[in-house]
Amino acid sequence: EPAPAEPPGPRWEPRDWRRQLERIREMRRHRDAPVDELGAETCYDRSAPPQVMRYQVLLSLMLSSQTKDQVTSAAMLRLRQRGLTVDSILQMDDVTLGQIIYPVGFWRNKVKYIKQTTAILKQKYRGDIPSTVEELVKLPGVGPKMAHLAMSIAWNSVSGIAVDTHVHRITNRLKWVKKETRYPEETRVALEDWLPRDLWTEINWLLVGFGQQTCLPVNPRCKECLNQDICPAAKR
């Protein structure tokens with residue numbers, strides 16, 4: 001007979017997180033950060049067939065790593081002007097693809113990844129994108145953050161919290177992690193441990209925009225932040 005499971009103790013959660021979250025929502029009320037106007041959710045053609053939309057979402061996420069939203073969005077627009085589908089990318093030569101996506105960060109690598117991933121989608125997924133995080137992260141050039149965002153935007157499914165540099169930085173500043181984390185993946189696991197699941201999707205766009213406008217990497221604008229009195233990292 002297995003021993004009865006221990007009753008779960010009170011779960012750890014950060015001290016003021018609900019108030020902090022409310023105030024960040026208030027600061028993000030206007031939805032006027034670059035991510036809101038130019039992020040992955042705005043880059044795909046909403047009139048395309050669902051399979052093409054999903055492919056475009058994945059591509060915009062692949063282009064977005066280490067790249068400003070403005071640059072990603074412009075590259076996506078140039079790609080879409082040529083009809084952005086699995087087949088059109090497979091038919092395009094590398095030089096042309098490079099010219100179109102330039103100046104996104106690491107564009108040479110991304111040309112390679114996009115071609116490899118697109119070929120896999122055609123062979124293995126009939127031109128669609130996979131619908132699990134496990135399969136998505138196996139694609140060349142697709143990391144965990146992109147996979148969780150693709151699940152959310154393309155498949156409308158909550159698979160996990162998408163943690164990029166903004167989410168990683170801000171949640172450490174707010175002490176939303178029990179102890180400081182060094183990598184986004186570590187942060188994701190730490191956040192998913194306590195943050196209610198119904199907030200998982202919202203947290204990415206909320207904190208990314210907050211990080212673009214207020215909680216900057218260097219010289220955060222603490223004086224303009226509504227959380228200055230309850231933020232452990234505030235420069236008062």
Side-chain angles (χ1 to χ4, degrees), residues 34-155 159-160 162-168 183-185 188 204-205 208 212 217:
V35 67
D36 301 304
E37 293 159 38
L38 306 162
E41 313 213 16
T42 67
C43 286
Y44 60 90
D45 175 7
R46 289 171 188 274
S47 61
Q51 185 166 325
V52 175
M53 278 200 296
R54 289 191 285 268
Y55 175 63
Q56 292 185 0
V57 167
L58 185 64
L59 229 59
S60 74
L61 291 167
M62 292 177 73
L63 290 173
S64 72
S65 76
Q66 316 245 333
T67 303
K68 284 194 162 29
D69 289 329
Q70 293 86 331
V71 177
T72 304
S73 176
M76 280 297 291
L77 201 58
R78 291 191 297 271
L79 282 169
R80 281 168 51 191
Q81 280 161 352
R82 295 171 170 248
L84 178 50
T85 63
V86 163
D87 290 330
S88 74
I89 290 294
L90 288 176
Q91 283 155 19
M92 193 181 287
D93 64 90
D94 291 12
V95 176
T96 307
L97 180 55
Q99 285 168 341
I100 297 173
I101 69 171
Y102 181 86
V104 300
F106 303 101
W107 60 274
R108 286 188 181 84
N109 293 346
K110 287 177 186 174
V111 166
K112 224 170 40 208
Y113 293 147
I114 287 170
K115 287 310 254 313
Q116 291 171 342
T117 284
T118 306
I120 293 169
L121 298 180
K122 176 94 174 161
Q123 291 153 11
K124 201 172 162 193
Y125 298 101
R126 295 190 183 156
D128 207 338
I129 74 171
S131 57
T132 68
V133 169
E134 295 71 48
E135 293 171 288
L136 283 163
V137 294
K138 285 192 186 134
L139 299 168
V142 179
K145 176 205 76 170
M146 299 176 206
H148 290 297
L149 278 175
M151 289 300 295
S152 163
I153 303 166
W155 293 112
S159 59
V163 177
D164 71 337
T165 68
H166 294 288
V167 177
H168 175 65
Y183 308 105
E185 260 307 88
R188 180 181 67 79
N204 181 270
W205 78 264
V208 169
Q212 289 174 334

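Quick note: residue numbers are just sequence positions, from 1.
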Check: L38 and T72 side chains under 4.5 Å, non-hydrogen atoms
no
For a 4.5 angstrom cut-off between non-hydrogen side-chain atoms, does H148 reach N204?
no
Going through the distances and angles, do T67 and F106 end up as a side chain to side chain contact (heavy atoms under 4.5 Å, CB included)?
CA-CA 9 Å; T67 303; F106 303 101; over 6 Å; no
Is there a donor-acceptor pair closer than 3.5 Å between any side-chain N or O of Q212 and the backbone N or O of V35?
yes
For a 4.5 angstrom cut-off between non-hydrogen side-chain atoms, does E185 reach V163?
no
Looking at side-chain heavy atoms only, is the closest gap between E37 and T42 below 4.5 Å?
no
Answer yes or no: is there a side-chain heavy-atom contact under 4.5 Å between I129 and W155?
yes
Main-chain N/O of V86 paired with T118 side-chain donor or acceptor, under 3.5 Å:
no
Which heavy atom of P140 sits nearest to which heavy atom of T117, and what is that distance?
O-OG1, 2.7 Å
Contact between L121 and L139 at the side-chain level, heavy atoms closer than 4.5 Å - yes or no?
yes
Minimum heavy-atom separation for A75 and I101, please, with both atom names.
CB-O, 3.9 Å
For Q51 and D128, which heavy atoms make the closest approach, and how far apart are they?
NE2-N, 3.4 Å
Does S65 form a side chain to side chain contact (heavy atoms under 4.5 Å, CB included) with K110? I'd like the steps, not just the answer.
CA-CA 10 Å; S65 76; K110 287 177 186 174; 3.5 Å; yes
Using side-chain heavy atoms (C-beta onward) and a distance below 4.5 Å, is Y113 in contact with V142?
no
Check for a donor-acceptor pair, side chain of R108 on one end and backbone N or O of G98 on the other, with a separation under 3.5 Å.
no
Are L79 and S88 side-chain neighbours, meaning at least one heavy-atom pair lies under 4.5 Å?
no
For M151 versus S131, what's the shortest heavy-atom pair and its separation?
CE-O, 3.1 Å
Report the distance from atom CG of L63 to atom CH2 of W107, rounding to the nearest 0.5 Å.
13.0 Å
List the atom of A147, the atom of V137, and the distance in Å for their closest heavy-atom pair.
CB-CG1, 3.7 Å
Do R78 side-chain atoms and Q99 backbone N/O form a donor-acceptor pair below 3.5 Å?
no
Just wondering, are more than 12 heavy atoms of other shown residues or ligands nearer than 6.0 Å to NZ in K68?
no
Output the distance between atom CG (L58) and atom OH (Y44), rounded to the nearest 0.5 Å.
13.5 Å
As a quick check of understanding, evaluate salt bridge (Lys or Arg N to Asp or Glu O under 4.0 Å) for K138 and E135, giving each step before the final call.
CA-CA 5 Å; K138 285 192 186 134; E135 293 171 288; over 6 Å; no
Given the options M76, M53, Q56, D45 meets side chain to side chain contact (heavy atoms under 4.5 Å, CB included) only with Q56
Evaluation steps, salt bridge (Lys or Arg N to Asp or Glu O under 4.0 Å), between D87 and K122:
CA-CA 8 Å; D87 290 330; K122 176 94 174 161; 2.9 Å; yes
Rounded to the nearest 0.5 Å, how far apart are CD1 of I100 and CZ of R80?
14.0 Å
Do D164 side-chain atoms and V167 backbone N/O form a donor-acceptor pair below 3.5 Å?
yes
